A.B. asks: 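Before anything else, here's the structure in question.
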Amino acid sequence: MSGSVRNACRHLRRKGLRSLLTMSGIVIGVALVAIVTVISAAGEAAVERELENMGLGGLSVTATDMQGVETAVLDTLRAMPQVDSAVPLMIDTSAVSSVRGGTTELMLCGIDSGETQVIGLTQLHGRMLSKADVASSARVCVVDGAVAKAVYARENIVGKTLTLSVGGIYEAFEVVGVTEAGSALLQNVARLIPGMVYIPYTTMQQLGGRTTFDQLAVRLTEGTDADKEARHIEQVLATVSGERRFAAENLAAQRDKLAGVMDIVTLVLTAISAISLLVSGLSIMTVMTVSVGERTREIGIKKALGATDGRILREFLTEAVVLSLCGGVIGVAIGAGLGTVGLSLVGVSVSVWGTMAGLVVFAVLIGAVFGVYPALKAARLDPVEALRCE
């Protein structure tokens, strides 16, 4: 086999420009697939992290009549043995902050104190909401880095004041803490998730004139079957609340469904990019077929000297594999390199080198498959007819 590789490399060098042009098609195709793979992996990781930070790892309990969830329901859930923690959650997606005459759109969340909060927050400056803040309905807030930079053009704004609209009423809140902003890919590039501001849920209730919660975020004890426990919670709440009905939704399952949708999108984009690889395979077959015609007399001489059909077949097939292997490696280096560098500029990093290795193997298979026809054509040449060729 080493002899076949040496012969293949020698023949490819002999037609260097043609070999480079053929290889360039493979490089472009593999690079496109690599870039799509890197971006898709980063997108999935970013969404997964964002959903996890928003507490989408347990159950969400809501009232089916849209009238909110009472404190009695919260107490019932906290008393259940399979429930590790249950906290109220209130959300206003149309809130704005007003500072220095300007306004900034944001998502306002009414949450519990940091010790029991289900939503994952990474503290950067100051402190989180305390039990005392919740008990006193304090006018304090915790903002993420995106809001801090949008309003004050810097990250650490602990001690500053934000005027927030809560239930249509503007109220001054002191910033007591700053948390890490959501994923850079989503916030800095796609702008899909607005800045987040967290205030005590009791404050949100007081200003909105409410005694109920929008929903309850429930985290189950480790090892609990989420779907089974969700049905059990619905039955328990139906028993204790009389006519009212509540829905317990397994948010982890919803997250998995979203991941499945993203996988389909990734597959479609990869398939579109892979079309260029098929075109490259056709170019390999065309070039190798031309090469057989150019080397017909050479093949006849080799056969006259004792070369078998199998050896001729391996020689030409090896040329196709070497072309696709070199193109695949260069394409992966370019595509994965560009994708990784681009994502690093927005603060996202992923490791997809295992997938990249599979992509190189796929490129080699493309070359091998499309190289079979010209290799067979060369191997089946009649040596007498081949020697007559000028």
Side-chain angles (χ1 to χ4, degrees), residues 1-34 37 270-271 273-337 353-390:
M1 180 59 72
S2 59
S4 298
V5 173
R6 284 196 300 270
N7 289 335
C9 293
R10 184 171 62 251
H11 288 301
L12 292 176
R13 283 197 303 269
R14 186 187 303 170
K15 300 291 184 178
L17 180 59
R18 187 166 67 185
S19 299
L20 287 176
L21 291 176
T22 305
M23 192 186 302
S24 65
I26 303 173
V27 171
I28 294 173
V30 171
L32 287 175
V33 177
T37 301
T270 302
S273 303
I275 292 176
S276 59
L277 277 178
L278 296 178
V279 174
S280 302
L282 290 173
S283 68
I284 289 177
M285 184 169 66
T286 302
V287 169
M288 294 301 298
T289 302
V290 171
S291 179
V292 171
E294 293 174 344
R295 294 159 56 187
T296 300
R297 184 174 178 80
E298 175 189 331
I299 296 170
I301 294 173
K302 287 183 177 181
K303 284 196 169 187
L305 293 176
T308 63
D309 290 353
R311 179 173 177 177
I312 301 297
L313 176 68
R314 287 196 302 273
E315 183 176 316
F316 278 84
L317 196 57
T318 301
E319 287 186 34
V321 169
V322 169
L323 266 177
S324 56
L325 175 61
C326 294
V329 171
I330 296 173
V332 161
I334 294 175
W353 293 110
T355 305
M356 296 299 103
L359 184 55
V360 172
V361 172
F362 181 70
V364 171
L365 289 176
I366 289 289
V369 169
F370 284 91
V372 168
Y373 170 73
L376 285 174
K377 183 177 180 180
R380 291 172 179 173
L381 283 176
D382 182 84
V384 175
E385 294 298 327
L387 286 172
R388 290 176 180 175
C389 182
E390 295 294 336

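Being a predicted model, the structure only gives us computed values, none of them experimental.
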A.B. asks: Say you draw a straight line from CG of Leu32 to OG1 of Thr37; how long is it, rounded to the nearest 0.5 Å?
C.D. replies: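 Result: 10.5 Å between the selected atoms.
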A.B. asks: Compare every heavy atom of Gly328 with every heavy atom of Val360, then report the nearest pair and how far apart it is.
C.D. replies: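 Looking at all heavy atoms of both residues, the closest pair is CG2-O, 3.9 Å.
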A.B. asks: Does Lys377 have any salt bridge (charged side-chain N to carboxylate O under 4.0 Å, His left out) partners at least two apart in sequence or in another chain, and if so, which?
C.D. replies: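 In terms of salt bridge (charged side-chain N to carboxylate O under 4.0 Å, His left out), with neighbours along the sequence ignored, Lys377 is linked to no residue.
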A.B. asks: Show me the donor-acceptor pairs within less than 3.5 Å that the side chains of residues 366-376 make with the rest of the protein, sequence neighbours left out.
C.D. replies:
none

A.B. asks: I need the Glu315 CD to Lys302 NZ distance, nearest 0.5 Å.
C.D. replies: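 Reported value, rounded in 0.5 Å steps: 3.0 Å.
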A.B. asks: Extract all donor-acceptor atom pairs below 3.5 Å that involve side chains of residues 280-289 and protein atoms in other chains or at least two apart in sequence.
C.D. replies:
from   : atom 1 : to     : atom 2 : distance (Å)
Ser280 : OG     : Gly25  : O      : 2.7
Ser280 : OG     : Ile26  : N      : 3.3
Ser280 : OG     : Ser276 : O      : 2.9
Ser283 : OG     : Ser280 : O      : 2.5
Thr286 : OG1    : Leu282 : O      : 2.9
Thr289 : OG1    : Met285 : O      : 2.6

A.B. asks: Between atom CG of Leu20 and atom CG of Leu323, what is the distance when rounded to the nearest 0.5 Å?
C.D. replies: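 Here the interatomic distance stands at 9.0 Å.
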A.B. asks: With sequence neighbours left out, what residues match Val361 under side chain to side chain contact (heavy atoms under 4.5 Å, CB included)?
C.D. replies: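 Only Leu365 meet the side chain to side chain contact (heavy atoms under 4.5 Å, CB included) criterion with Val361.
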A.B. asks: Just to verify, what does Ile330 make a side chain to side chain contact (heavy atoms under 4.5 Å, CB included) with, not counting sequence neighbours?
C.D. replies: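 Checked Ile330 against side chain to side chain contact (heavy atoms under 4.5 Å, CB included); matches are Met23, Val27, Ile334.
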